[in-house]
Colleague: 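Shown below is the structure under consideration.
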Amino acid sequence: LSLEEIFEQRIANDEKIEPKDWMPEKYRKTHIRQISQHAHSEIIGMLPEGNWITRAPSLRRKVALLAKVQDEAGHGLYLYSACETLGISREELYEQLHSGKAKYSSIFNYPTITWADMGAIGWLVDGAAIINQVPLCNTSYGPYARAMIRVCKEESFHQRQGFEIMLTLCNGTEAQKQMAQDALNRWWWPSLMMLGPTDAESIHTEQSMKWKLKRKTNDDLRQQFIDQTVPQADILGLTIPDPDLKWNEETGHYDFGEIDWDEFWQVVKGHGPCNKERMNARVGAWERGTWVRDAAMAYAEKQQNKKENQAKAG
Amino acid sequence: LSLEEIFEQRIANDEKIEPKDWMPEKYRKTHIRQISQHAHSEIIGMLPEGNWITRAPSLRRKVALLAKVQDEAGHGLYLYSACETLGISREELYEQLHSGKAKYSSIFNYPTITWADMGAIGWLVDGAAIINQVPLCNTSYGPYARAMIRVCKEESFHQRQGFEIMLTLCNGTEAQKQMAQDALNRWWWPSLMMLGPTDAESIHTEQSMKWKLKRKTNDDLRQQFIDQTVPQADILGLTIPDPDLKWNEETGHYDFGEIDWDEFWQVVKGHGPCNKERMNARVGAWERGTWVRDAAMAYAEKQQNKKENQAKAG
Amino acid sequence: MKTNLYNYILELGDNCLIAGQRLGELCGHGPSLETDIACTNISLDLFGQTRSYFQYAADIKGEGATEDSIAFLRYEREYKNVLLVEQPNHDFAYTMARQYLYDVFHLLLLEKLQFSQDITLSAIAKKSIKEASYHVRFTGDWVKRLGDGTEESHEKMQNAINDLWTYTNELFEVTEDAKMMAEEGIGVDVATLKETYYEKVTALLEEATLTVPESKYFQKGGKSGIHTEHMGYLLADMQYMQRAYPNMKW
Amino acid sequence: MKTNLYNYILELGDNCLIAGQRLGELCGHGPSLETDIACTNISLDLFGQTRSYFQYAADIKGEGATEDSIAFLRYEREYKNVLLVEQPNHDFAYTMARQYLYDVFHLLLLEKLQFSQDITLSAIAKKSIKEASYHVRFTGDWVKRLGDGTEESHEKMQNAINDLWTYTNELFEVTEDAKMMAEEGIGVDVATLKETYYEKVTALLEEATLTVPESKYFQKGGKSGIHTEHMGYLLADMQYMQRAYPNMKW
């Protein structure tokens with residue numbers, strides 16, 4: 001058996017591939033692409049929610065929101081670490097993000113313009129993310145699978161928290177209900193798009209399926225998301241902004257309307273409402289932080305030298 | 001008669017000294033110092049009020065406040081121009097302000113922390129300024145005297161406007177009345193200090209009197225301000241924060257309490273609540289504007305060259 | 001209540017309000033005393049126009065509405081200004097570019113609005129045309145100065161134009177309310193201004209040695225109350241007094 | 001109502017609230033993911049402490065007061081935090097210096113407050129000590145790193161210390177309310193912490209190769225509600241939702 005055949009067999013047997021194991025170059029590259037994209041999404045994802053930290057309407061919500069954004073930073077950290085095991089440095093990963101070479105989830109290029117968006121993001125965006133991510137807890141690459149287990153646990157918590165924000169609004173005043181409905185109107189379609197292009201246009205699916213980087217197609221995941229979310233909207237008493245949405249007895253699924261893929265591709269290509277803002281925020285933070293990181297390095301060196309000199313002297 | 005004697009006689013005869021006239025070096029220097037200090041005060045004075053433009057509570061007040069701050073910029077302009085007639089450039093004047101060599105009125109080193117401060121500044125600070133400035137409409141140096149006539153006219157308007165802000169607050173809700181009283185409490189003593197140190201400590205008075213740069217002593221001006229302002233406070237129904245304040249039948253003036261001259265000197269020496277903020281704001285605006293001023297100059301040169309080339313070609 | 005007219009007036013007035021507010025932030029912080037005075041002037045003109053629009057809107061609305069309740073007591077989703085005018089004052093090039101790109105539109109709009117069948121709108125427009133002509137001359141001059149000034153100013157102005165270009169197309173979006181008003185001869189069909197607008201802007205940018213962006217992607221949303229993330233902070237300051245001290249006279 | 005106790009709790013809680021708010025602004029914008037997480041942690045701890053203080057204050061106040069009405073519905077003049085904690089995040093040196101200068105004080109205060117006769121305050125203090133010890137270690141480490149890092153970082157940290165030093169003395173001002181509470185064995189006489197505070201800070205600044213400022217001029221006012229001009233903008237954002245949508249549950 002060739003190395004490649006042994007490798008494929010291990011994956012087929014549901015064994016985990018670990019950093020020191022042999023792996024095909026394409027496997028390594030595909031994983032770097034996907035894991036880093038996922039890490040970048042966590043980091044960029046901090047921005048739309050971070051936008052409401054200073055303005056959260058209660059102390060309880062402010063604490064929960066801070067904790068949530070912090071969790072996202074944490075997810076970014078595990079995922080960058082998982083990615084680094086594939087032989088790429090954090091600096092290279094940042095460089096890919098900042099230069100626009102690496103992608104991140106397009107959903108974060110929409111603005112958060114009301115408090116209800118904090119609810120909608122938790123409920124819908126994290127909801128869609130979980131559907132994408134749960135299967136990855138069993139993916140073939142060990143470090144990624146383990147990171148995903150931790151991420152998914154926290155994401156479920158975030159999703160419940162988001163739903164609870166929506167529920168509080170929907171049980172509130174007329175203004176609050178309107179705010180919730182408005183957020184659903186604005187986040188619904190982008191959330192559906194989040195699950196990726198239709199299978200017909202998706203370029204990575206087949207290979208990814210084999211490596212368990214993907215276990216269901218985008219369209220299947222999207223259907224699962226819709227089937228799961230519509231009853232939740234009913235509980236909230238909100239209307240999903242899709243006149244074509246209806247239960248199909250025959251298929252046992254909801255039928256739904258046409259997705260505006262032009263919008264999807266416009267945003268992916270960098271022309272969404274906040275693409276520029278998000279990149280400026282990240283690149284700006286990184287550049288403003290250069291002198292800080294340099295100082296930390298210089299200080300660490302000085303301390304190291306001191307220790308060595310003391311050791312010599314001692 | 002010597003040049004100096006002729007000069008002194010002209011001043012004694014209430015004739016105006018004009019830029020091209022002979023003048024003693026000390027006259028020139030003293031005028032540069034005083035006029036530029038006055039100009040700088042107008043410019044720095046834009047900042048505490050500018051702080052409330054974005055937050056003015058009504059459109060009418062926002063427009064009036066913008067117009068007022070604009071007037072102050074205008075006063076700065078006339079006064080810098082008057083000063084430039086004495087043979088100093090605007091750049092040198094700015095340099096003196098930015099380096100801390102030139103002073104400006106210390107009152108602007110106090111923060112504007114409520115809307116009522118817009119009223120108190122107009123009523124008290126502009127009120128004290130007018131008392132200082134009206135006599136200068138007859139000062140000996142022509143350009144300064146003419147600038148002051150225009151300035152004083154506008155300042156009276158500002159003072160009435162400030163009083164009207166206070167009056168509206170005092171006729172308003174309990175919260176508004178408290179806001180007005182609080183502003184009076186904070187601005188009263190700094191306004192008294194604005195009229196300068198007591199005569200005993202004032203170093204420039206005698207010479208300035210002769211040149212009509214000063215026509216009354218600081219203490220006289222201060223008494224005039226108090227006598228004029230106390231009845232206005234009564235109309236507003238506000239209490240002046242001085243337990244020793246009372247009408248003195250004998251002198252026909254109000255007696256008043258001890259001024260905290262330590263505070264005065266602390267602020268003059270640069271350690272008031274906002275000295276650093278004000279200087280940072282001015283220096284920052286100037287430095288951020290360098291490329292703009294350079295561009296304007298470069299453009300003007302290019303246009304000039306074009307014209308000249310066309311003239312040659314034509 | 002004449003809802004279409006009311007909404008249409010807000011569309012007109014909110015642009016003036018928010019553009020004025022952004023310029024007002026700079027008062028005392030400009031690159032020179034002269035530009036400071038000029039920018040304050042434009043801000044003052046725009047707030048003056050805002051007051052005229054909102055006084056009229058308050059009359060139409062009744063129920064105790066005032067120019068101030070309309071200016072300060074709506075939620076963010078109810079402001080109808082275009083995204084362009086709410087963009088922040090990154091630097092002086094940005095401020096001038098933003099204001100210029102609005103001013104060209106504003107003058108073209110007023111030149112039509114003066115013939116409105118609605119005598120109040122017609123009167124406001126007539127009064128405002130002179131102001132708007134001055135604005136576009138002032139900001140246009142600065143676009144030229146910075147575009148054709150130094151290398152640094154050229155780069156800054158080009159960046160500003162590139163960034164803000166994406167918000168220009170929204171100026172010509174026709175809302176339902178505006179469509180009704182145009183049909184009744186009260187409002188202006190802004191779609192008809194588009195060609196002239198881009199001609200004028202292109203000519204000036206070229207004179208300023210700047211490259212006219214070619215992007216086909218534009219942002220919109222302001223007219224239906226979906227603003228950029230900058231708007232919330234602008235409103236938090238602008239509304240603070242009215243929100244914290246409700247129902248008081250100032 | 002126990003007015004002195006209520007006011008004293010606000011003095012304690014407002015410092016946590018405003019310091020937490022300033023750190024919260026940075027979330028997602030720090031110089032590295034690791035510092036971002038740590039600063040958010042400190043912010044979270046401080047808001048947690050704020051909630052404990054304000055829940056207690058709300059109990060004392062009664063009349064339907066809640067932690068949120070206390071946090072969000074006071075006027076600027078009613079906030080009692082020291083000027084230090086409201087200073088803006090100019091740069092990371094500023095943020096670390098501000099937080100460090102507060103953290104040293106905060107820990108010293110809590111170490112005394114844990115022996116308060118008031119069991120609620122004592123409990124809050126005991127719970128908070130561990131958090132505050134971590135904070136001062138983290139920010140102190142950064143003061144050292146930046147002070148003794150590169151030339152650039154040294155200069156930035158020295159500037160930050162110079163600017164913020166003027167606000168340190170206010171930490172030890174004893175208000176009327178605090179004096180009464182100290183006399184009753186409920187509060188801490190902060191004047192007694194001053195010497196230790198300056199010793200600790202001086203030692204660390206020297207280790208960080210920084211110059212300890214010698215200015216004898218200090219600013220105060222925060223404890224009596226006279227804040228710097230930064231405070232109004234901070235509150236405009238912080239209170240926006242509660243002000244714009246009054247009397248709602250979130």
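The chains referred to below are lettered A, B, ... by the order of the sequence lines, with proteins before strands, and numbering in each begins at 1. FYI, side chains are in, hydrogens and waters are out, and symmetry mates aren't considered; it's all heavy atoms of this structure.
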Colleague: If you measure only the distance, is there a donor-acceptor pair under 3.5 Å linking the side chains of C:Q21 and B:K62?
Modeller: yes
Colleague: Quick one: are B:Y94 and C:L33 in side-chain contact, heavy atoms under 4.5 Å?
Modeller: yes
Colleague: Side chain from CB out, backbone as N, CA, C, O: work out which of these in B:R60 comes under 4.5 Å of a heavy atom of chain C, or both, or neither.
Modeller: both
Colleague: With chain B, which of C:L26, C:N41, C:T66 has the greatest number of heavy-atom pairs at distances under 4.5 Å?
Modeller: C:N41
Colleague: Give, as side chain, backbone, both or neither, the part of C:L17 having an atom under 4.5 angstrom from any heavy atom of chain B.
Modeller: side chain
Colleague: Measure distances from B:I43 to the heavy atoms of chain C and classify the residue's part below 4.5 Å as side chain, backbone, both or neither.
Modeller: side chain
Colleague: With a 4.5 Å heavy-atom cut-off (strictly below), which parts of residues 75-101 of chain C touch chain B? List them by number.
Modeller: C:D91, C:F92, C:A93
Colleague: Find the one option among B:S58, B:G50, B:A281 whose heavy-atom pairs under 4.5 Å with chain C are most numerous.
Modeller: B:S58
Colleague: Does the side chain of C:H106 reach to within under 4.5 Å of the side chain of C:L46, using non-hydrogen atoms?
Modeller: yes
Colleague: Under 3.5 Å, is there a donor-acceptor pair linking the side chains of B:T168 and B:R61?
Modeller: yes
Colleague: Just checking, is any N or O donor in the side chain of B:Q181 or B:N185 under 3.5 Å from an acceptor N or O on the other one?
Modeller: yes
Colleague: When you measure from the centre of the six-membered ring of C:F54, is the NZ or CZ of C:R74 closer than 6.0 Å and no more than 45° off the axis?
Modeller: yes
Colleague: Does C:Y134 OH have over 12 foreign heavy atoms under 6.0 Å away?
Modeller: yes
Colleague: Pick one of side chain, backbone, both or neither for B:T173, based on which atoms fall under 4.5 Å of a heavy atom in chain C.
Modeller: side chain
Colleague: Please state whether the side chain, the backbone, both or neither of B:M179 comes within less than 4.5 Å of a heavy atom of chain C.
Modeller: side chain
Colleague: Which one, C:I37, C:T150, C:D237, leads in non-hydrogen pairs under 4.5 Å with chain B?
Modeller: C:I37
Colleague: If I measure from the heavy atoms of chain C, does B:L169 come under 4.5 Å with its side chain, its backbone, both, or neither?
Modeller: side chain
Colleague: Quick check for you: among B:W286, B:Y80, B:W115, which has the greatest number of heavy-atom pairs under 4.5 Å with chain C?
Modeller: B:W115
Colleague: Counting only heavy atoms closer than 4.5 Å, note whether C:E151 contacts chain B via side chain, backbone, both or neither.
Modeller: neither
Colleague: Would you check if C:V143 and C:L210 make a side-chain contact, meaning some heavy-atom pair closer than 4.5 Å?
Modeller: yes
Colleague: So for B:L59, is it side chain, backbone, both, or neither that comes closer than 4.5 Å to the heavy atoms of chain C?
Modeller: both
Colleague: With a 4.5 angstrom heavy-atom cut-off, which part of B:A56 approaches chain C: side chain, backbone, both or neither?
Modeller: backbone
Colleague: For atom CD of B:E308, is the number of surrounding heavy atoms from other residues, nucleotides or ligands below 6.0 Å larger than 12?
Modeller: yes
Colleague: Name the option with the most non-hydrogen atom pairs under 4.5 Å to chain C; the candidates are B:M46, B:Q70, B:R55.
Modeller: B:Q70
Colleague: Using a 4.5 Å cut-off on heavy atoms from C-beta on, say whether the side chain of B:R33 contacts that of B:H38.
Modeller: no
Colleague: More than 12 heavy atoms of other residues, nucleotides or ligands under 6.0 Å from NZ of C:K200: yes or no?
Modeller: no
Colleague: Quick check on the interface: out of C:K144, C:E25, C:Q242, who has the most heavy-atom pairs with chain B under 4.5 Å?
Modeller: C:K144
Colleague: With a sphere of 6.0 Å drawn around CG of C:N247, does it hold more than 12 non-hydrogen atoms of other residues, nucleotides or ligands?
Modeller: no
Colleague: Return yes when atom NZ of C:K249 has more than 12 non-hydrogen atoms of other residues, nucleotides or ligands closer than 6.0 Å, and no otherwise.
Modeller: no
